[in-house]
Amino acid sequence: MLLYLGYMLHVLDPALPVAAPLCVVGALSLFLGIAMLRRRTVFDARGIHSRGLLRTVHLPWPDSRAGFIVVLAAGERGSVPVVEVGTAGHRTRLSAPRVSSQTRLEAEVDAIWAWALTRGYARETMPALRARQSADPRAAQAIPSMGAVPRALPVDQTLLAHEPLILKDKPNWHGLIPNIVILVFLCILALPAVLGPERTPHAFAGVFREDGTLRLSGGFWMLLVVAVGSLVNNLHHIVRARTTISREGLVLAGWRTRRVAWPPSSSYFFVRSRRYFGHTEASAWLLDPAGLALRVPGTARFSKHEDQALLAAAAAAQTIWEWGVSRAVAYDDGGYSPVPDEAVEQERRANGRRIAYLTSRGSQALRSSTRLM
């Protein structure tokens, strides 16, 4: 309508200045409308058909619910959850569904998978998931994270011989180097404040006010304080953070030191991950008897590929558990205790489901994860 109105005004009076802006706004609105109408994902008996702005991707149904991966992607208003389908070692992002909550999106995918199973479009090939789906297909999301295929994860045999076993994280250069560069740059900008107007080269004389103070805003000093604090935190993590494993339990040392007894089940160990600077950091976490989720220092693993990072962190957790089993101080009673925080519990289940799927398939990421340990 805007295009038509702009065109008619131009025909009636070519000199009208409002005609061109109306045509531009109308063309932009038409383009955005077409983009919104095209973006969709269709699920049917033939597979999954994800239609973007320019092309349509046709995918077969994955062989497990774990083939659907809900990830956080950068959006205009922060991180938004999206769905990816992993087939043959490759991930394809679907155009929809896209909702604001990761928990809601996981439930949406569960409903889609249950719908496909009911109609026979897909079938669950993972034994652990199939057993739970016999009663309710949507109950597959409740599988424990560290119990589906415990022996499939590679265990570092050299670490099992150490007593006590001390684990320390490798320096995270992906976050440390940019922090150092920013801090050096800010220090160079603040150098005239240290030298003073008398010893500063004439070329930098303009950075001083008439009273001799530096022309730097409060935001600059706040950024400098944040950069210094971030560097101190990273260095403290490198020097201080560690996990000491003994027959009495685990000592998790960070800003605080926590002593945790051996949990009653291997499912109390689980994996969480986060993505930044194009890399995924995954680490093992431990649910203590009080229901508090604690990060286990020394188990952080970094990789460009999320699957490799998840498997490497899961292997580190499995190594800790095998250390206790080999000394008869850890016994698995098969129990599962949920995390009180629903968001953490949702991530725990999703990552556990993904790890079980990758290990059961003998993925290339499983072999690559041994190089990250």
Engineer: Might you point out which heavy atoms bring Leu159 and Leu165 nearest each other, and give the distance in Å?
Structural biologist: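 Closest approach of Leu159 to Leu165: O-CD1, 3.6 Å.
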Engineer: Which heavy-atom pair separates Arg51 from Ser95 by the least distance, and what is that distance?
Structural biologist: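 Taking every non-hydrogen atom into account, O-OG, 3.0 Å.
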Engineer: Atom CD in Glu322, atom CD in Gln157: separation rounded to 0.5 Å?
Structural biologist: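 Going from CD on Glu322 over to CD on Gln157, the span is 8.0 Å.
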Engineer: Working note: Arg91 + Glu306, criterion salt bridge (charged side-chain N to carboxylate O under 4.0 Å, His left out); need CA distance, chi angles, decisive distance, verdict.
Structural biologist: CA-CA 11 Å; Arg91 286 190 180 188; Glu306 183 181 10; 2.9 Å; yes
Engineer: With Arg259, which of Val251, Asp288, Thr244, Leu252 fulfils side-chain contact (heavy atoms from CB on, under 4.5 Å)?
Structural biologist: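 That would be Val251.
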Engineer: Considering all heavy atoms of both residues, which atom of Gly26 and which atom of Leu2 are nearest to each other, and what is their separation?
Structural biologist: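 Shortest heavy-atom separation between Gly26 and Leu2 comes out as CA-CB, 3.6 Å.
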Engineer: Report yes if some heavy atom in the side chain of Thr92 is under 4.5 Å from a heavy atom in the side chain of Ser50; otherwise report no.
Structural biologist: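 No; the side chains remain at least 4.5 Å from each other.
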Engineer: Quick one: pull up CD in Glu281 and OG in Ser283 and give me the separation to the nearest 0.5 Å.
Structural biologist: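 It is 5.5 Å, given to the nearest 0.5 Å.
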Engineer: Could you go step by step and tell me if Arg104 and Glu108 meet the salt bridge (charged side-chain N to carboxylate O under 4.0 Å, His left out) rule?
Structural biologist: CA-CA 6 Å; Arg104 285 181 53 199; Glu108 182 78 9; over 6 Å; no
Engineer: Can you get from Val24 to Leu5 by hopping between Ile, Leu, Val, Met, Phe, Trp and Tyr side chains that sit under 4.5 Å apart?
Structural biologist: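 No, Val24 does not connect to Leu5 through the hydrophobic network.
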Engineer: Check for me, please, whether Val329 and Ile166 land in the same ILVMFWY cluster - side-chain distances under 4.5 Å, paths through other members count.
Structural biologist: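 No, because Val329 and Ile166 fall into different hydrophobic clusters, even though each may have its own neighbours under 4.5 Å.
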Engineer: Of the non-hydrogen atoms in Ala122 and Leu117, which two are nearest, and what is the gap between them?
Structural biologist: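 Nearest heavy atoms, Ala122 then Leu117: O-CD2, 3.3 Å.
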Engineer: Could you tell me whether the side chain of Trp321 reaches within less than 4.5 Å of the side chain of Asp332, counting heavy atoms only?
Structural biologist: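 They are in side-chain contact.
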Engineer: Taking Ala66's backbone N and O only, do any of them form a donor-acceptor pair with Arg353's side chain (distance below 3.5 Å, no angle check)?
Structural biologist: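 No: the side chain of Arg353 does not pair with the backbone of Ala66.
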Engineer: Treating Ile, Leu, Val, Met, Phe, Trp and Tyr as nodes and any side-chain heavy-atom pair under 4.5 angstrom as an edge, say whether Leu292 and Leu250 lie in one connected cluster.
Structural biologist: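 The answer is yes; both residues are in one hydrophobic cluster.
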Engineer: Should Thr56 and Arg40 count as side-chain neighbours, where that means a heavy-atom distance under 4.5 Å?
Structural biologist: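 No. Closest side-chain heavy atoms not under 4.5 Å.
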Engineer: Do you know the tightest heavy-atom contact between Arg295 and Ala300?
Structural biologist: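 That would be NH1-CB, 4.0 Å.
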Engineer: With heavy-atom distances below 4.5 Å as the criterion, would you say the side chains of Thr319 and Thr299 are in contact?
Structural biologist: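 Heavy-atom side-chain distance check fails, nothing below 4.5 Å.
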Engineer: With rounding to the nearest 0.5 angstrom, report the CD1 to NE2 distance, Ile48 to His58.
Structural biologist: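 Interatomic distance, Ile48 CD1 to His58 NE2, rounded to 0.5 Å: 12.0 Å.
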Engineer: Let me confirm one number: the CZ-CG distance from Phe270 to Leu287, rounded to the nearest 0.5 Å.
Structural biologist: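 Those atoms lie 6.0 Å apart.
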Engineer: Establish, yes or no, whether the cationic atom of Arg65 lies under 6.0 Å from the six-membered ring centre of Trp113 and within 45° of the ring axis.
Structural biologist: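 No.
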Engineer: Should Leu94 and Trp115 be regarded as members of a common hydrophobic cluster, given that ILVMFWY residues are connected when their side-chain heavy atoms come within less than 4.5 Å of each other, either directly or indirectly?
Structural biologist: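 Shared cluster, yes.
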Engineer: How far does CG of Asp110 sit from CG of Leu105, to the nearest 0.5 angstrom?
Structural biologist: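 It comes to 9.5 Å.
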Engineer: Is the gap between the ring centers of Phe43 and Trp61 under 6.0 Å?
Structural biologist: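 Here the rings of Trp61 and Phe43 have centres that are less than 6.0 Å from each other.
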Engineer: Below 4.5 Å, heavy atoms only, C-beta onward: do Val228 and Val232 meet side chain to side chain?
Structural biologist: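 They are in contact (side-chain heavy atoms under 4.5 Å apart), so the answer is yes.
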Engineer: Between Phe68 and Val85, is the side-chain contact (heavy atoms from CB on, under 4.5 Å) condition met? List the steps.
Structural biologist: CA-CA 5 Å; Phe68 289 97; Val85 176; 3.7 Å; yes
Engineer: Quick one: pull up OG1 in Thr280 and NZ in Lys304 and give me the separation to the nearest 0.5 Å.
Structural biologist: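 That separation rounds to 12.0 Å.
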Engineer: Quick check: closest heavy atoms across Asp333 and Ser265, and the distance to 0.1 Å?
Structural biologist: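 Nearest pair, atom of Asp333 first, then Ser265: OD1-CB, 3.4 Å.
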Engineer: Are Phe31 and Leu54 linked, directly or through intermediate hydrophobic residues, by side-chain heavy-atom contacts shorter than 4.5 Å (ILVMFWY only)?
Structural biologist: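 Cluster IDs for Leu54 and Phe31 match.
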Engineer: Apply salt bridge (charged side-chain N to carboxylate O under 4.0 Å, His left out) to Glu342 and list each qualifying residue two or more places apart in sequence or on a separate chain.
Structural biologist: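 For Glu342 there are no salt bridge (charged side-chain N to carboxylate O under 4.0 Å, His left out) partners, ignoring immediate neighbours.
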Engineer: Quick one: does any side-chain atom of Trp255 pair with a main-chain N or O of Ala241 as donor and acceptor, under 3.5 Å?
Structural biologist: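 Checking the backbone N and O of Ala241 against the side chain of Trp255, no donor-acceptor pair under 3.5 Å is found.
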Engineer: Between Asp63 and Thr125, is there a donor-acceptor pair closer than 3.5 Å when you use the side chain of the first and the backbone of the second?
Structural biologist: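 Here the side-chain-to-backbone pair does not exist.
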Engineer: Contact between Pro297 and Thr243 at the side-chain level, heavy atoms closer than 4.5 Å - yes or no?
Structural biologist: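 With C-beta onward as the side chain, the pair touches.
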Engineer: Would you say Leu358 and Arg354 make side-chain contact, with heavy atoms under 4.5 Å?
Structural biologist: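 Yes - at least one pair of side-chain heavy atoms lies under 4.5 Å apart.
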Engineer: How about CZ on Arg327, more than 12 heavy atoms from neighbouring residues, nucleotides or ligands closer than 6.0 Å, or not?
Structural biologist: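 Yes, the 6.0 Å shell around CZ holds more than 12 heavy atoms from other groups.
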Engineer: Are Arg240 and Thr257 packed together at the side-chain level, in the sense that at least one heavy-atom pair is separated by less than 4.5 angstrom?
Structural biologist: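 Yes, close enough: below the 4.5 Å cut-off.
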Engineer: Would you verify whether the NZ or CZ of Arg348 falls within 45 degrees of the ring axis of Tyr336 while also being under 6.0 Å from that six-membered ring's centre?
Structural biologist: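 Yes, Arg348 sits over the ring of Tyr336.
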Engineer: Any donor-acceptor pair under 3.5 Å linking the side chain of Ser246 with the backbone of Pro164?
Structural biologist: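 Flag not set: sc Ser246 to bb Pro164 has no pair under 3.5 Å.
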